[in-house]
Amino acid sequence: MTIRVIIVDDQAMVRAGFAALLSAQADIDVAGEAPDGRQGVALARSVHPDVVLMDVRMPELDGLSAAREILDPPPGVVHRPKVLMLTTFDIDDYVYEALRAGASGFLLKDAPPADLISAVRVVASGEALLAPSVTRRLIADFVQQRPAPRRDPALRLNGLTPRETEVLELIARGLSNQEIAGHLVVAEQTVKTHIGRVLAKLDLRDRAQAVIFAYEAGVVRPGDGG
């Protein structure tokens, strides 16, 4: 299956470089480019990509706001692509908010080309959180610095079974499906089933939101070993 991607970045050279790299892959099709968030939202709604590569800082509409519009569309808009944020460490605050809004992960803009290609495939598959160890540290830092959410997420844990809570903890510690299966001594398909139930019961979009929820609910805490 071909993965349709759009690139939203205000730097023409960045867009051109990413487009050339991704277009060279047999399973990836670059369906369009946009120089700002506003045009990025419009492009996403018109070409229905599988993955949106979204820069954080852009004119007209920043990447965070654009991601929110794409991931929480108005009535009548049913297509919701995966959003992969492009960032540098000096603006992690924006990335944290983007993950809470439903972005599937993030990629450092100076990452090796192979990482970009892999990131697009991982995010498109929905099977795993991109760069889980880095994402985990980022989320832990910001959950530690911020006040608790208005709604106590710990109350929502009551609907999970002990095994589902354990799976949520392992997700938050950055383990892949295969690693969770090995830890629990179960089949990988069983892990996928547990994860599906966790996301459904907690009304979460994907693993990125599950990691954030686990920290906010106290399932894991900043500084815990992982």
Side-chain angles (χ1 to χ4, degrees), residues 1-73 79-139 141-142 205-208:
M1 185 185 82
T2 300
I3 303 168
R4 289 171 57 80
V5 178
I6 65 171
I7 302 166
V8 186
D9 194 296
D10 62 335
Q11 296 181 12
M13 290 291 287
V14 171
R15 296 197 308 272
F18 283 0
L21 179 65
L22 295 173
S23 295
Q25 310 307 308
D27 60 336
I28 300 176
D29 174 35
V30 177
E33 304 173 21
D36 61 61
R38 180 62 61 204
Q39 293 184 54
V41 172
L43 182 62
R45 300 227 171 113
S46 65
V47 305
H48 294 174
D50 300 302
V51 176
V52 178
L53 287 179
M54 180 76 73
D55 188 22
V56 173
R57 288 182 174 175
M58 292 182 292
E60 297 296 328
L61 189 70
D62 64 66
L64 174 59
S65 300
R68 283 176 173 153
E69 289 195 20
I70 289 172
L71 295 166
D72 189 18
H79 180 71
R80 291 189 186 184
K82 302 290 187 179
V83 174
L84 177 60
M85 303 302 296
L86 302 171
T87 186
T88 55
F89 275 122
D90 65 332
I91 44 177
D92 281 345
D93 195 5
Y94 289 91
V95 179
Y96 173 83
E97 293 298 340
L99 290 170
R100 292 198 65 182
S104 294
F106 72 96
L107 183 72
L108 298 178
K109 295 184 80 170
D110 60 355
D115 286 3
L116 172 64
I117 297 166
S118 174
V120 168
R121 290 172 177 154
V122 167
V123 168
S125 74
E127 288 294 330
L129 173 64
L130 179 65
S133 61
V134 180
T135 303
R136 186 175 70 249
R137 289 198 301 271
L138 182 155
I139 292 170
D141 288 344
F142 281 93
R205 286 194 184 100
D206 55 25
R207 293 172 76 112

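Keep in mind that this is a model prediction, so the values were computed, not measured.
The shortest side-chain heavy-atom distance between P73 and R45 falls under the 4.5 Å cut-off. Taking 4.5 Å as the limit, some side-chain heavy atom of I70 sits within range of a side-chain heavy atom of P81. A heavy-atom distance below 4.5 Å is not found between the side chains of L61 and D36. Contact of the I6 side chain with the L53 side chain is not registered, since no non-hydrogen atoms from C-beta on lie closer than 4.5 Å. Within the 4.5 Å cutoff, side-chain heavy atoms of I3 are placed close to those of V120. Counting only heavy atoms from C-beta outward, the side chains of L22 and L116 approach each other to under 4.5 Å. Counting heavy atoms from C-beta on, the side chains of V51 and I28 never come closer than 4.5 Å.
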Could you go through the side-chain contact (heavy atoms from CB on, under 4.5 Å) check for M58 and V8 one step at a time? CA-CA 9 Å; M58 292 182 292; V8 186; 3.6 Å; yes
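Summarising the geometry, atom CG belonging to L107 is positioned 14.5 Å from atom CE belonging to M54; distances are rounded to the nearest 0.5 Å.
Ion pairing of K109 with D55 is present here, as a side-chain N (NZ or NE/NH1/NH2) and a carboxylate O approach within less than 4.0 Å. Between R15 and D9 there is no salt bridge, since no side-chain nitrogen of the basic residue lies less than 4.0 Å from a carboxylate oxygen of the acidic one. A salt bridge links R121 with D27: at least one charged nitrogen is closer than 4.0 Å to a carboxylate oxygen.
Here the closest heavy-atom approach between residue M85 and residue A103 is recorded as CG-CB, 4.0 Å. In terms of heavy-atom proximity, S125 sits nearest to V122 at OG-O, 2.8 Å. Considering every non-hydrogen atom in both I7 and A19, the closest pair reads CD1-N, 3.5 Å.
In this structure, E69 contributes its side chain and S65 its backbone to no donor-acceptor pair below 3.5 Å. Judged by distance alone, with hydrogens and angles left aside, the side-chain atoms of D62 form a donor-acceptor pair with the main-chain N or O of L64 at under 3.5 Å. Under a 3.5 Å cut-off, the side chain of S23 and the backbone N or O of A20 do not form any donor-acceptor pair. In this structure, H79 contributes its side chain and P49 its backbone to a donor-acceptor pair below 3.5 Å. A donor-acceptor pair is defined here as one N or O able to donate and one able to accept, closer than 3.5 Å; no such pair exists between the side chain of S118 and the backbone of A114. Panel note: side chain D50, backbone R4; a donor-acceptor pair is recorded below 3.5 Å.
When each of V5, L86, V30 is tested with F18 by the rule side chain to side chain contact (heavy atoms under 4.5 Å, CB included), just one qualifies, namely L86.
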